[in-house]
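Below is one structure; the comments refer to it alone.
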Protein chains: 2
Amino acid sequence: MYYSIGEVSNKTGIAISTLRYYDREGMFPNMERSHGGIRVFSDKEMATLRVIDCLKTTGMSIKDIKQFLHWCQEGDPSLVKRRDLFYERLEEVKKQIAALQKTMHTLNYKCWYYDTAVTLGNEDMVKNLPLEKIPEELRDYKI
Amino acid sequence: MYYSIGEVSNKTGIAISTLRYYDREGMFPNMERSHGGIRVFSDKEMATLRVIDCLKTTGMSIKDIKQFLHWCQEGDPSLVKRRDLFYERLEEVKKQIAALQKTMHTLNYKCWYYDTAVTLGNEDMVKNLPLEKIPEELRDYKI
DNA sequence: TTAGAACCTAAAGTTAGCTTTATGTCAAGA
DNA sequence: TCTTGACATAAAGCTAACTTTAGGTTCTAA
């Protein structure tokens, strides 16, 4: 299947200007063009966009994603580098999830804090509540 | 306890220039200064830094965090707004965790993919592997 | 009292990741 | 064939979140 830039934009929700920017950055090596110079996206480029999305979510920069995509072009000699990269990204994502989970606990504490304050109509009373009045599971996340 | 900007930077790992930038942005309303004009961070500012870190992790912009900190200054009338903000951030963080977990599955697929390719010394063989040769728990995350 | 480390400000600079603008070409239907 | 909407490029512009620079002031320990 082949797609115009507008179709790709509609299917993925990625802005046309962004797709052109990615192309300019070399994220679609050997993407085809029509005789008149118009970009022709194939399923290969669609797959690339999914990889870009995945790696972007892990916090990788466009520059580094581009590097990875070029390793893909090199074929088998870069297999180990590419494998190592995914293991690194996996570790990174685990760290990010852990950080978010910690943050989630803090947010739960804050939700309890403000719920209580709104109920009492007064923040100071919550501020001065003794520790044992804070729900046990939230105590450690007081901030 | 009181701290100089350098001490705060050491304790938190936040660059001095960043602390000054936050101050310039108004994130530390009524922070004290020494007679000579030198910033004096108290435990209140340290707590603010923890809140900033929490909200930044949820993806909030500095501008919006500043807004929240100003609501804090307003006292009880803004309690509901502040509570609602934390519930929003909680939802946001849940979404982020879900996205990261999905990404983690994809990364696990890729790790398996490249492990196999490295073992075989050949990517094409993995590419053409029938679906049932992909570990069951990874099949849905093929990309 | 003096050296130098640590602090201060204002303003300019940096980087990533796009988006916008200006101008022009291509392609498909009436 | 003509129109018009979708495409093209190059270059400039934008925003967030800092960081750097330049030049000066304050504080502390010898």
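A note on names: the letters A, B, ... follow the listed sequences, proteins ahead of strands, and every chain is numbered from 1.
- Near DNA chain D, defined here as any heavy-atom distance below 4.0 Å, the residues from residues 17-29 of chain B are B:Ser17, B:Thr18, B:Tyr21, B:Tyr22, B:Arg24, listed numerically.
- Judged as a side-chain hydrogen bond (donor to acceptor under 3.5 Å, both in side chains), and not counting sequence neighbours, B:Thr48 has no contacts.
- Through direct or indirect side-chain contacts shorter than 4.5 Å among Ile, Leu, Val, Met, Phe, Trp and Tyr, B:Val40 is connected to B:Tyr2.
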Atom pairs and distances, donor-acceptor, side-chain atoms in residues 103-110 of chain A, under 3.5 Å, two or more places apart:
| residue | atom | partner | partner atom | Å |
| --- | --- | --- | --- | --- |
| A:Thr103 | OG1 | A:Ala99 | O | 3.1 |
| A:Thr106 | OG1 | A:Lys102 | O | 3.4 |
| A:Asn108 | ND2 | A:Met104 | O | 3.3 |

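- Axis angle across the helix from C:dT1-D:dA30 to C:dA30-D:dT1, with five pairs used at each end and values rounded to 10°: 0°.
- Going from atom CG of A:Leu55 over to atom CE of A:Met60 covers 5.0 Å, rounded to the nearest 0.5 Å.
- With sequence neighbours left out, B:Gln101 forms a side-chain contact (heavy atoms from CB on, under 4.5 Å) with A:Ile97, A:Gln101, B:Ile97.
- No more than 12 heavy atoms of other residues, nucleotides or ligands sit less than 6.0 Å from atom CD of B:Glu32.
- Summary of the strand contacts: B:Ser34 and B:Ile62 both lie near DNA chain D, and taking for each the nucleotide with the nearest heavy atom, the more 5' one is attributed to B:Ile62.
- The CE atom of A:Met46 sits 9.5 Å away from the CZ atom of A:Phe28 when rounded to the nearest 0.5 Å.
- Here A:Phe86 and B:Tyr113 keep their ring centres 6.0 angstrom or further from each other.
- Bounding nucleotides for the chain B contact on DNA chain C, 5' to 3', at a heavy-atom distance below 4.0 Å, are C:dC7 to C:dT9.
- Environment of CD in B:Glu136: sparse, with no more than 12 heavy atoms of neighbouring residues, nucleotides or ligands closer than 6.0 Å.
- Interface residues of residues 8-15 of chain B facing DNA chain D, ordered by number: B:Ala15; criterion, heavy-atom separation under 4.0 Å.
- Taking 4.0 Å as the cutoff to heavy atoms of chain A, we find the contact window on DNA chain D bounded by D:dC7 to D:dT9.
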Do any side-chain atoms of residues 64-72 of chain A form donor-acceptor pairs under 3.5 angstrom with protein atoms, and if so which ones, sequence neighbours left out?
| residue | atom | partner | partner atom | Å |
| --- | --- | --- | --- | --- |
| A:Gln67 | OE1 | A:Trp71 | NE1 | 3.1 |
| A:His70 | ND1 | A:Lys66 | O | 2.9 |

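- For B:Asp140, there are no side-chain contact (heavy atoms from CB on, under 4.5 Å) partners two or more places apart in sequence or in a different chain.
- A donor-acceptor pair under 3.5 Å links the side-chain atoms of A:Glu7 to the main chain of A:Ser4, judged by distance alone.
- Between the OG1 atom in B:Thr116 and the CG atom in A:Leu79 there is a gap of 11.0 Å [rounded to 0.5 Å].
- Counting heavy-atom neighbours within 6.0 Å of A:Lys11 NZ, excluding the residue itself, gives a total of 12 or less.
- Within residues 35-56 of chain B, the residues that place at least one heavy atom under 4.0 Å from DNA chain C are, in residue-number order, B:Gly37, B:Ile38, B:Arg39.
- Note that CG of A:Asp124 is 6.5 Å distant from CG of B:Asp76, once rounded to the nearest 0.5 Å.
- Using a 3.5 Å distance cut-off with no hydrogens or angles, the side chains of A:Tyr114 and B:Asp84 do not pair a donor with an acceptor.
- Side-chain contact of B:Asn10 with B:Tyr3: a donor-acceptor pair under 3.5 Å is absent, judged by distance alone.
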